[in-house]
Amino acid sequence: MIDFKRQLESLMMPLTVELFGDHGVAIDLQETRKEFNADFTLVVFPFLKFSKTSPEKTAEIVGSKLSTELSEINNFSVVKGFLNLNLSQEFVSKIFAGIESEKNFGITAANNTQPSVMVEYSSPNTNKPLHLGHIRNNLIGHSISNILKASGRNVVQVQIINDRGVHICKSMWAWKKFGNNETPEKSRLKGDHLVGKYYVLFDQEYKKQVSEKMSKGISEVDAKKSVACILEVQKMLLDWEAGDPEVVKLWKKMNEWVYSGFNETYQRLGIEFDKNYYESETYILGKSDIEEGLKRNIFFRKEDNSVWIDLTNDGLDEKIVLRSDGSSVYMTQDIGTAIQRFKDFEIDSLTYVVGNEQDYHFKVLFLILEKLGYKWAKRLHHLSYGMVDLPTGKMKSREGKVVDADDLLDEMESTAKQMSTELGKANSLSSKESQMLDKIIGHGALKYFILKVDPKKRMVFNPDDSVDFNGNTGPFLQYTHARISSLIRKAGFQKSIDLSDVHWNEKERDLVLGLSKFPEVIHNSAIDLNPSHIANYLYEIAKSFNSFYQKHSVLSAESKTISAYRLALCVQVAGVLRRGLNLLGIDAPEKM
RNA sequence: GGUUCCGUAGCUCAGCUGGAUAGAGCAUCUGCCUUCUAAGCAGACGGUCGCGCGUUCGAAUCGCGCCGGAAUCACCA
């Protein structure tokens, strides 16, 4: 489907050139404000220089030219310097026919010859369960993957699991000390929660030991470094690196618990990855790339043997890439991992979904890879999203001020259940059906609540608001879809329709023109890496539909012809809502 | 202190390649279910778009300077 707005602009261009001469003035069509009852507005101010008359007069001249010469334009009106144009019924029909002619209007199927794009998201540590912050990350990452797919890209979704390091050793240490061989099976606790429990236990023990030491007159800084438990954890990490069989065995066991817990949560969220990278495998990467860059003078070695890159000419600082003992820093393995990924897959770009606290890190990473001469470095993106705050302030995992992902999903489901019971919606459904619906609606509410906000902005998560199912919410969109589905069910088989004589009323025109924007919205979301455009667009469509639905009857319209084309319109609205919601990872129920 | 991001209605957010009287939802208040799902619709109330200067026919939008908030600037992960 071609963009009819752009089509109109190019039709108008030669006409204005005819009127005022060719001065390179672009035609800028914008949507008419609601109160003026027209489809598009052409701002004539840019033409004043050449029309040499008042804005009103200029608009008159342009308006009469356009409406006489273009069959697409029916009539026009002038308000101040604004030329309001009305599209002809035939042209609206043509636009609608274009929408109908495509099976999955708005979605561009992936072309297999195209290079793929990799999206990395989630990337959890394996010492505690997922929380609200991960949920935002996951929802954005998954949604943007869907959106990229819908704009014709092949997508490889990956996560890197931070499965090694002091954090997991802390859990391991506490489990050995206090665990009594507790397992997820024995205590019927989800694996990631069980490991998280021992991480918390470690922290408590650590604090206890630190304060004991401090009471003996040792400074806090020294105490924190010298208490027994932290020394044992550090020893454990060294043993792990040395491949100590017993430590490795425990490490494997506890990580497995965490993975099964994560997978359960991912499944609930409807998320899956094409490949998991593990830090235990990637943390060695990058050193050889540094050595090579050192030979090419991209990096330099200081007297103490540490290796650095000087980025002061790029407005940044000097950055370390290898420690003086030759060991890696985060940057080292990120360099190596990026390079590895372009070897593993036929991709031409890579997008990292990571919080904005790491803006600087990624700026440096991309710059280094560019200096190393990788041409794909220009196509690395950091989808930097803002932190999620609670109404009470920042989330602090150490202080237990976190919203747990599983708890949150449970809560959303039970709220959905409560709502549908109150509204008497569940009566006509089997208990199995309504249970499914509670999940679809509860999760829909959560996903929409998070995705409707521009990712790069920090957002406040108020549980009371997220649980609201009225107004600009996921359930509202789902409800609209269910309403239409019900109409379609009742109408039965849909006849083919003749659009040639349709007289579109105002609400219908709004819908047709609204629907026509869907491909562009997807495209822009993909370019901006921003799912919120989709969310806000769907809300507009749904509002527009409900307003239409309230005012005009579909099944018992004035005539069968009207009924038929209205139904066809409904089918397209439902399709756009469903496909749009799916891009956000939200299911569109047929009943609710 | 340097760099980056943010500041729009009581609250949560749209709008930001410059365009008309700045939009939604929530909250508060009014109407609308003997008619296709009222998780809906129609309406009221609510604003010095952080402040100032500049560019422009025109600035929430662009530039500069302040004020306020956040992140980051580790031989941490």
Side-chain angles (χ1 to χ4, degrees), chain A residues 28 30 32-36 41 43-46 48-49 55 79-82 84 125 162 164-167 279 283 302 304-308 315-330 333 355-361 363-364 384 386-387 389 391 394 416 419-420 422-425 428 441 445 449 452-454 456-462 464-466 468-480 482-491 532-533 535-536 539-540 542-543 545-557 563 566-567 570 591-592:
Chain A
D28 180 25
Q30 44 192 269
T32 303
R33 296 176 63 97
K34 230 169 108 191
E35 65 267 33
F36 290 110
T41 297
V43 182
V44 301
F45 288 103
L48 294 187
K49 236 189 269 179
V79 183
K80 296 185 186 173
F82 298 88
N84 295 328
N125 288 355
N162 300 309
R164 50 139 252 135
V166 266
H167 51 84
E279 204 199 337
Y283 85 109
K302 287 193 175 175
D304 65 358
N305 214 35
S306 57
V307 180
W308 297 71
L316 305 173
D317 306 311
E318 288 186 349
K319 189 81 191 171
I320 190 162
V321 290
L322 275 183
R323 294 195 188 101
S324 50
D325 64 0
S327 63
S328 292
V329 291
Y330 238 146
Q333 51 175 301
N356 62 11
E357 58 206 347
Q358 294 195 41
D359 283 356
Y360 184 75
H361 176 80
K363 213 181 260 185
V364 172
S384 162
M387 297 293 104
D389 291 332
K394 291 175 73 165
M419 289 295 292
S420 65
E422 270 173 31
L423 293 167
K425 301 276 183 181
S428 60
I441 295 166
F449 186 81
K452 75 175 175 187
V453 181
D454 186 337
K456 70 169 182 283
K457 291 195 175 175
R458 126 183 256 115
M459 68 174 287
V460 176
F461 183 87
N462 186 335
D464 296 340
D465 292 348
S466 72
D468 198 339
F469 291 178
N470 300 314
N472 187 1
T473 65
F476 170 72
L477 300 182
Q478 293 173 316
Y479 175 70
T480 306
R483 264 184 155 179
I484 302 174
S485 301
S486 167
L487 273 182
I488 295 169
R489 270 197 307 277
K490 286 196 172 141
S532 75
H533 293 326
N536 291 316
Y539 179 58
E540 290 301 320
K543 259 202 317 192
F545 176 82
N546 283 311
S547 177
F548 156 78
Y549 180 89
Q550 188 72 22
K551 194 166 176 187
H552 305 287
S553 180
V554 176
L555 299 181
S556 48
S563 216
R566 280 188 185 159
L567 190 62
C570 288
K591 300 176 187 172
M592 72 182 266

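Computation of the quantities below employed the complete heavy-atom set of this structure, encompassing side-chain atoms and omitting hydrogens, waters and symmetry-equivalent molecules. Naming convention: chains lettered A, B, ... in sequence-line order (proteins, then strands); numbering from 1 in each chain.
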Shortest non-hydrogen contact from A:Pro55 toward A:Leu48: CA-CD2, 3.6 Å

Gap separating the CZ atom of A:Phe449 from the CE atom of A:Met459, nearest 0.5 angstrom: 5.0 Å

Spacing of A:Glu279 atom CD relative to B:C76 atom C1', expressed in whole Å: 12 Å

Centroid under 5.5 Å and tilt under 30°, A:Phe36 to B:A20: yes

Output one line per pair: protein atom, nucleotide atom from nucleotides 27-35 of chain B, and distance, for all N/O pairs under 3.5 Å.
none

Sugar-phosphate only, base, or nothing, as touched by A:Ser547 at under 4.0 Å among non-hydrogen atoms: sugar-phosphate

Collect all protein-nucleotide pairs involving nucleotides 8-14 of chain B in which both atoms are nitrogen or oxygen and the distance is under 3.5 Å.
| residue | atom | partner | partner atom | Å |
| --- | --- | --- | --- | --- |
| B:C13 | OP1 | A:Val460 | N | 2.8 |
| B:A14 | OP1 | A:Asp454 | N | 2.7 |
| B:A14 | OP2 | A:Lys457 | NZ | 3.1 |

Side chain of A:Asn470 (C-beta onward), nearest among B:A39, B:A70, B:A20: B:A39

Side-chain heavy-atom pair A:Arg458, A:Asn356 within 4.5 angstrom cut-off: no

Short side-chain N/O contact from A:Arg33 to OP1 or OP2 of B:G15, under 4.0 Å: no

Whole angstrom value for the distance that separates P of B:A38 from CE of A:Met419: 15 Å

For A:Phe45, all residues meeting ring pair (Phe, Tyr, Trp, His ring centres under 6.0 Å), sequence neighbours excluded: A:Phe82

Options B:A39, B:C6, B:A70, nucleotide nearest the side-chain atoms of A:Lys456: B:C6

Nearest-nucleotide pick for A:Val43, side chain only, options being B:G19, B:C36, B:U21: B:G19

Atom NZ of A:Lys302 with >12 non-hydrogen neighbours under 6.0 angstrom: yes

Minimum-distance nucleotide (side-chain atoms of A:Ser420 versus B:U21, B:A39, B:A77): B:A39

Nearest heavy atoms of A:Thr32 and A:Thr41, plus distance in Å: OG1-OG1, 2.8 Å

Runs of at least three consecutive pairs that involve RNA chain B, where pairs are Watson-Crick or G-U with distances under 3.5 Å: B:1-7 with B:67-73, B:10-13 with B:23-26, B:28-32 with B:40-44, B:50-54 with B:62-66

Between B:A38 (C1') and A:Phe469 (CZ): distance, integer Å: 17 Å

Nucleotide nearest A:Tyr539 (side chain, heavy atoms from C-beta), chosen from B:G19, B:G25, B:U37: B:G25

Mind listing the N/O atom pairs, protein and nucleotides 56-64 of chain B, below 3.5 Å?
none

Near-ring test A:Phe476/A:Tyr539, centroid separation under 6.0 angstrom: yes

Expected output: side-chain A:Ser384 to main-chain A:Gly355 donor-acceptor under 3.5 Å: no

Contacts of type salt bridge (charged side-chain N to carboxylate O under 4.0 Å, His left out), residue A:Glu422, not counting sequence neighbours: none

Pairwise P distance, B:U21 and B:C5 [rounded to whole Å]: 31 Å

B:G54 to B:G25 separation - P atoms, rounded to the nearest Å: 38 Å

A:Asn472 backbone acceptor or donor facing A:Lys452 side chain under 3.5 Å: yes

Distance in angstrom units between A:Arg164 CZ and B:C76 P, rounded: 13 Å

P atoms of B:A60 and B:G19, separation to the nearest Å: 10 Å

Touch class at under 4.0 angstrom, heavy-atom based, for A:Lys543 against every strand present: sugar-phosphate

A:Ser328 backbone acceptor or donor facing A:Arg323 side chain under 3.5 Å: yes

A:Lys80 side-chain N/O to B:U21 phosphate OP1/OP2 under 4.0 Å: yes

Shortest non-hydrogen contact from A:Val364 toward A:Leu316: CG2-CD1, 4.1 Å

Pairwise P distance, B:C64 and B:U4 [rounded to whole Å]: 10 Å

Touch class at under 4.0 angstrom, heavy-atom based, for A:Tyr360 against every strand present: sugar-phosphate

Touch class at under 4.0 angstrom, heavy-atom based, for A:Phe476 against every strand present: sugar-phosphate

Phosphate OP1/OP2 of B:C36 contacted by A:Ser553 side-chain N/O (<4.0 Å): no

Sugar-phosphate, base or nothing in reach of A:Thr473, heavy atoms under 4.0 Å: nothing

Whether A:Tyr330 stacks on the six-membered ring of B:A77 base, 5.5 Å and 30° limits: no

Pairwise P distance, B:G7 and B:U61 [rounded to whole Å]: 11 Å

P atoms of B:A22 and B:U48, separation to the nearest Å: 12 Å

Polar pair under 3.5 Å, donor/acceptor by atom type, side chain A:Asn84, base B:A20: yes

Sugar-phosphate, base or nothing in reach of A:Ile441, heavy atoms under 4.0 Å: base

Base of B:U37 paired with side chain of A:Lys425 (donor-acceptor, under 3.5 Å): yes

Whole-Å C1' distance, B:U28 and B:U72: 42 Å

Spacing of the P atoms in B:C51 and B:C67 (rounded, Å): 15 Å

Nearest-0.5 Å distance that lies between atom CD in A:Gln478 and atom OG1 in A:Thr473: 8.0 Å

Non-hydrogen atoms of A:Trp308 and A:Val321 that approach each other most closely: N-CG2, 4.2 Å

Heavy-atom check, side chain of A:Phe548 versus side chain of A:Cys570, under 4.5 Å: yes

